[in-house]
Amino acid sequence: MIVRRLKDVRASDRNVRSKGWESARLLLKNDGMGFSFHVTRMYAGEELKMHYQNHLEAVLILKGTGTIEDLGSGETHDLAPGVMYALNANDEHIVRPATDILTVCVFNPPVTGREIHDENGAYPANLDEAPIAAAAS
């Protein structure tokens with residue numbers, strides 16, 4: 001059994017920060033669950049372009065509002081508490097938080113905890129050789 005407290009994870013190297021977001025990674029690849037589990041905050045006023053080419057992600061909005069734009073279809077969807085979106089086709093997208101948005105999300109395959117977005121908005125495919133997240137700005 002794995003038991004972790006969010007406040008402890010936020011005070012550890014499992015809490016990853018980058019431009020426009022912060023992610024407390026409660027479960028990682030080395031936990032052996034087959035997915036990673038994160039509590040992520042995206043900051044108001046940012047425009048976060050992402051394209052997870054090597055991962056699938058599901059996100060549930062807990063607090064805050066904004067939009068997500070599917071760059072493949074051109075569709076824009078409102079984000080609010082209780083809305084879930086799943087990037088089931090490695091969808092290239094932009095999240096635009098109107099307020100700070102608090103989410104829970106899962107990644108498959110799981111991340112190691114060291115990943116930061118590359119120039120394409122993706123995490124590397126080879127998780128064991130990912131750059132150290134602490135170097136993120």
Side-chain angles (χ1 to χ4, degrees):
M1 178 180 292
I2 300 168
V3 177
R4 295 195 172 104
R5 289 180 176 79
L6 180 58
K7 71 176 190 166
D8 296 336
V9 170
R10 284 188 169 146
S12 76
D13 63 355
R14 286 177 171 254
N15 197 64
V16 177
R17 293 183 178 108
S18 192
K19 183 178 178 347
W21 59 270
E22 177 178 357
S23 184
R25 296 169 175 184
L26 286 101
L27 289 174
L28 294 169
K29 181 180 179 182
N30 65 3
D31 291 313
M33 295 290 295
F35 61 90
S36 57
F37 182 78
H38 313 205
V39 174
T40 300
R41 183 176 308 278
M42 295 178 278
Y43 299 116
E46 295 290 339
E47 184 170 284
L48 304 169
K49 184 176 180 183
M50 295 171 272
H51 188 195
Y52 297 118
Q53 299 161 5
N54 306 303
H55 297 83
L56 301 177
E57 181 189 26
V59 178
L60 175 65
I61 310 303
L62 299 175
K63 294 181 183 177
T65 61
T67 61
I68 183 169
E69 180 182 354
D70 179 338
L71 294 178
S73 70
E75 291 180 290
T76 298
H77 305 276
D78 291 331
L79 299 177
V83 173
M84 185 278 304
Y85 63 88
L87 305 169
N88 61 321
N90 304 101
D91 309 283
E92 187 173 12
H93 62 288
I94 299 174
V95 176
R96 295 181 180 96
T99 65
D100 283 3
I101 296 177
L102 182 66
T103 70
V104 291
C105 51
V106 295
F107 278 85
N108 182 16
V111 301
T112 66
R114 301 181 327 194
E115 293 84 357
I116 55 173
H117 294 107
D118 66 15
E119 64 279 358
N120 299 312
Y123 289 149
N126 188 344
L127 300 175
D128 295 322
E129 296 180 10
I132 302 300
S137 57

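Given the structure is predicted, the values throughout are model-derived calculations rather than measurements.
- Of the inter-residue distances, the one linking Ile68 atom CD1 with Thr76 atom OG1 reads 9.5 Å to the nearest 0.5 angstrom.
- To the nearest 0.5 Å, the span separating CD on Glu22 from OG1 on Thr40 amounts to 9.0 Å.
- Scanning for side chain to side chain donor-acceptor pair (under 3.5 Å) contacts around Glu57 gives an empty result, with sequence neighbours left out.
- Among all heavy-atom pairs drawn from Leu48 and Lys19, the shortest one is CD2-O, 3.8 Å.
- Two different hydrophobic clusters hold Leu62 and Trp21 under the rule that ILVMFWY side chains link at heavy-atom gaps under 4.5 Å.
- Residues Leu6 and Ile61 are members of separate hydrophobic clusters, defined by side-chain heavy-atom contacts under 4.5 angstrom among Ile, Leu, Val, Met, Phe, Trp and Tyr.
- Rounding to the nearest 0.5 Å places CG of Asn15 at 7.5 Å from OG of Ser23.
- The side-chain contact (heavy atoms from CB on, under 4.5 Å) check on Asn30 picks up Arg14, Leu28, with sequence neighbours excluded.
- Under the 4.5 Å side-chain contact rule for hydrophobic residues, Val104 and Leu26 share a cluster.
- When the side-chain contact (heavy atoms from CB on, under 4.5 Å) test is applied to Asn90, the partners found at least two apart in sequence or on another chain are Leu56.
- Remark: of the listed residues Val95, Asp91, Thr103, Val95 is the sole one forming a side-chain contact (heavy atoms from CB on, under 4.5 Å) with Tyr85.
- Checked against side-chain contact (heavy atoms from CB on, under 4.5 Å), Leu71 has the following partners two or more places apart in sequence or in another chain: Lys49, Glu69, Glu92, Ile94.
- Looking at His93 and Tyr52, their side chains come closer than 4.5 Å, going by heavy atoms from C-beta outward.
- From Cys105, atom SG reaches atom CZ of Arg25 across 8.5 Å, with rounding to the nearest 0.5 Å.
- Here the CG-CZ distance, from Asp31 to Arg4, works out to 4.0 Å after rounding to the nearest 0.5 Å.
- With hydrogens and angles ignored, the 3.5 Å screen pairs no side-chain donor or acceptor of Thr112 with any backbone N or O of Lys29.
- If you chain together hydrophobic residues whose side chains sit under 4.5 Å apart, Phe37 and Val9 fall into the same group.
- Although no hydrogens or angles enter the test, the distance criterion places a donor-acceptor pair under 3.5 Å between the side chain of Ser36 and the main chain of Val111.
- Both Ile101 and Leu87 belong to a single network of hydrophobic side chains, linked directly or stepwise wherever heavy atoms of I, L, V, M, F, W or Y lie under 4.5 Å apart.
- The minimum heavy-atom distance between Pro81 and Lys63, with the atom names listed, is CG-CA, 4.0 Å.
- Residues passing the salt bridge (Lys or Arg N to Asp or Glu O under 4.0 Å) test with Glu47, sequence neighbours excluded: Arg96.
- Among all heavy-atom pairs drawn from His55 and Pro109, the shortest one is CD2-O, 3.0 Å.
- Of all heavy-atom pairs between Thr99 and Thr65, the closest is OG1-N, 2.9 Å.
- By the 30° and 60° cut-offs, the orientation of the rings of Phe107 relative to His38 is tilted.
- Considering only residues two or more places apart in sequence or on other chains, Asp100 meets the side-chain contact (heavy atoms from CB on, under 4.5 Å) condition with Arg41, Tyr43, Ala44.
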